[in-house]
Protein chains: 2
Amino acid sequence: MLKSQTVGILGGMGPAAGADFVRLFVEACARLMRERGELVRDQAFPEHWLAQVPVPDRSGALESSALGAHQPLEPMLQALGRLAALGSRAVAIACNTAHAWHATLQERFPQIEVLHVAREVSAQVAAEGVRDTALMATEGTYRVGLYERAMADAGLACHLPLAEERKLLMRGIYEGVKAGDLRLAEDCFSRVALQLAHRHGPVAIVMGCTEIPLGLQNSAAVAGLRLVDPARVLASALAVRAYDGASQRRHA
Amino acid sequence: MLKSQTVGILGGMGPAAGADFVRLFVEACARLMRERGELVRDQAFPEHWLAQVPVPDRSGALESSALGAHQPLEPMLQALGRLAALGSRAVAIACNTAHAWHATLQERFPQIEVLHVAREVSAQVAAEGVRDTALMATEGTYRVGLYERAMADAGLACHLPLAEERKLLMRGIYEGVKAGDLRLAEDCFSRVALQLAHRHGPVAIVMGCTEIPLGLQNSAAVAGLRLVDPARVLASALAVRAYDGASQRRHA
């Protein structure tokens with residue numbers, strides 16, 4: 001049986017996305033086991049913990065004063081500390097905007113690896129030979145240039161939506177997915193995705209907020225577009241850390 | 001905003017069912033908020049933790065010697081202790097068969113409420129006016145009479161599948177869902193469900209293993225049958241504990 005180490009998932013931002021991230025992680029583990037010729041059974045999965053804690057709104061904090069920007073950090077630090085105490089060697093954050101605090105979170109817990117969603121996505125997209133991307137995200141994620149920087153580091157172009165399209169995205173996220181109105185969410189997200197594809201051609205469209213795939217998952221309107229789900233990429237990366245991290249430690 | 005208290009989910013049995021349980025819990029919380037006229041937003045969800053730990057096979061342990069039957073208990077006790085230490089006031093176990101150890105788990109952690117899936121399901125089904133049920137479950141769950149006892153206490157009849165039908169269920173659970181072959185799972189589960197309905201008429205068919213709904217969720221073959229998903233009932237019960245437990249403590 002493959003050795004594995006404990007990993008953690010920092011969720012609650014929002015809770016539906018956190019739950020979906022666990023599903024993606026479990027699927028990624030099963031896929032990895034199959035690729036390596038291992039029998040998929042309950043006991044072969046890595047121990048993993050999901051923390052779904054209330055965290056003040058990330059985009060809101062990034063728009064407010066420097067003081068406000070500290071608000072989401074404290075509950076995230078506390079939950080991360082608890083995931084570390086539970087034995088997690090690597091942790092994924094199931095929220096793109098929350099990565100604005102990634103550097104601080106990683107710095108405070110040097111004994112664990114805090115995965116970085118935009119770096120994982122950039123590496124994955126670049127490895128697939130894509131050169132042009134477009135980013136659907138929250139205002140907070142645009143404000144801190146989370147994906148733009150990671151994409152640039154990987155040699156990728158990153159096209160951004162127009163101001164009114166960004167407003168549509170925020171509406172789909174907050175009044176749509178977070179409030180449970182999936183029809184509104186699909187309408188907002190699919191309009192922006194189609195406009196991005198119309199303007200920039202066959203780009204890889206990154207759904208850079210965990211709520212966006214939840215609103216687009218059954219959408220026929222965006223069939224044919226190349227949509228990248230960062231949660232899926234991050235979940236796979238966490239599965240690799242859970243299995244390969246253990247063997248690296250054994251061989252160290 | 002509704003007050004809430006921290007709750008826990010003991011999963012890993014199997015991990016896909018544990019992930020799905022969190023989804024059901026989040027949905028139940030959102031539904032409860034809406035029913036009570038509360039705004040559904042990230043910060044209004046109760047803090048909750050999911051432990052997905054490797055636990056030896058429950059049915060296997062129940063079939064083996066008295067010594068073997070202790071195997072699943074230790075990791076469950078350890079995970080439950082950690083969920084308690086994280087502040088959980090109520091914990092749901094995302095595995096029906098694991099409830100064979102419910103009494104011991106509850107006894108060791110009297111400070112938290114360990115929900116009992118079969119009692120929650122019996123109460124729910126009885127409240128809906130149903131009198132006849134049929135049970136699809138693992139051999140371990142039949143062996144300990146988990147549902148039969150709870151159903152009898154609630155004044156309900158509980159019909160059981162024949163020996164060859166039970167074998168089909170175990171095949172669908174282990175070679176189907178747990179091994180990732182959902183087509184096989186659906187075939188096994190739907191055949192048994194249809195036979196139970198044919199023999200016993202319009203009974204409520206309890207999908208008394210968390211893997212069964214995962215295999216039947218997109219099945220057209222069982223459309224029209226009255227299927228009860230204990231995970232959904234248990235997730236709703238946990239949501240009620242998360243909100244109402246907090247207000248009871250406040251008023252105490």
Side-chain angles (χ1 to χ4, degrees), chain A residues 1 4 6-9 11-27 29-31 33-34 39-58 60 72 75 78-79 82-83 85-87 95 173-175 177-181 211 214 235, chain B residues 1 4 6-9 11-27 29-31 33-34 39-58 60 72 75 78-79 82-83 85-87 95 173-175 177-181 211 214 235:
Chain A
M1 196 164 85
S4 66
T6 302
V7 297
I9 298 158
M13 305 172 276
D20 202 55
F21 192 89
V22 183
R23 179 182 69 82
L24 293 171
F25 173 70
V26 168
E27 280 182 9
C29 289
R31 200 164 51 236
M33 280 187 257
R34 264 183 233 111
L39 191 67
V40 178
R41 46 200 279 278
D42 290 2
Q43 295 75 20
F45 285 81
E47 178 173 330
H48 55 284
W49 291 75
L50 166 70
Q52 300 246 76
V53 298
V55 176
D57 188 70
R58 284 69 62 198
Q78 193 178 44
R82 289 165 138 197
L83 288 170
L86 289 162
C95 171
I173 292 165
Y174 286 84
E175 296 170 41
V177 177
K178 286 188 195 295
D181 186 348
E211 313 296 58
L214 299 180
Chain B
M1 195 163 85
S4 66
T6 302
V7 297
I9 298 157
M13 305 172 277
D20 202 55
F21 191 89
V22 183
R23 179 183 68 83
L24 293 171
F25 172 71
V26 169
E27 280 183 9
C29 289
R31 200 164 50 237
M33 280 186 258
R34 262 183 236 112
L39 190 69
V40 178
R41 46 200 279 277
D42 290 1
Q43 295 76 21
F45 286 82
E47 178 173 330
H48 54 284
W49 291 75
L50 166 70
Q52 300 247 75
V53 298
V55 176
D57 188 69
R58 283 69 62 198
Q78 193 177 44
R82 290 165 137 197
L83 287 170
L86 289 163
C95 171
I173 293 165
Y174 286 84
E175 296 169 41
V177 177
K178 286 189 194 294
D181 186 347
E211 313 297 57
L214 300 180

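A note on names: the letters A, B, ... follow the listed sequences, proteins ahead of strands, and every chain is numbered from 1.
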With a 4.5 Å cut-off on heavy-atom pairs, point out which of [options] contacts chain A the most.
options	value
B/Q52, B/M33, B/E47	B/Q52
B/V55, B/D20, B/L39	B/V55
B/R82, B/R23, B/R41	B/R82

Using non-hydrogen atoms and a 4.5 Å limit, figure out which bit of [X] sits close to chain B: side chain, backbone, both or neither.
X	result
A/V40	both
A/P56	backbone
A/D57	both
A/A30	neither
A/L24	neither
A/V53	both

When you compare the side chain of B/L50 with that of A/W49, does any pair of heavy atoms fall below 4.5 Å?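 A side-chain contact is absent here, since even the closest heavy-atom pair is not under 4.5 Å.
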Compare all side-chain heavy atoms of B/P46 with those of B/C29 and state whether any distance is below 4.5 angstrom. yes
Please round to the nearest 0.5 Å and tell me the distance separating atom NE2 of A/H48 and atom CZ of A/F21. 10.0 Å
Let's test your reading of the structure: which of A/P15, A/P54, A/G14, A/A19 forms the most heavy-atom pairs below 4.5 Å with chain B? A/P15
Among residues at least two apart in sequence or on other chains, which ones pass salt bridge (charged side-chain N to carboxylate O under 4.0 Å, His left out) with B/D42? A/R58, A/K178
Answer with side chain, backbone, both or neither: which region of B/L86 has an atom nearer than 4.5 Å to a non-hydrogen atom of chain A? both
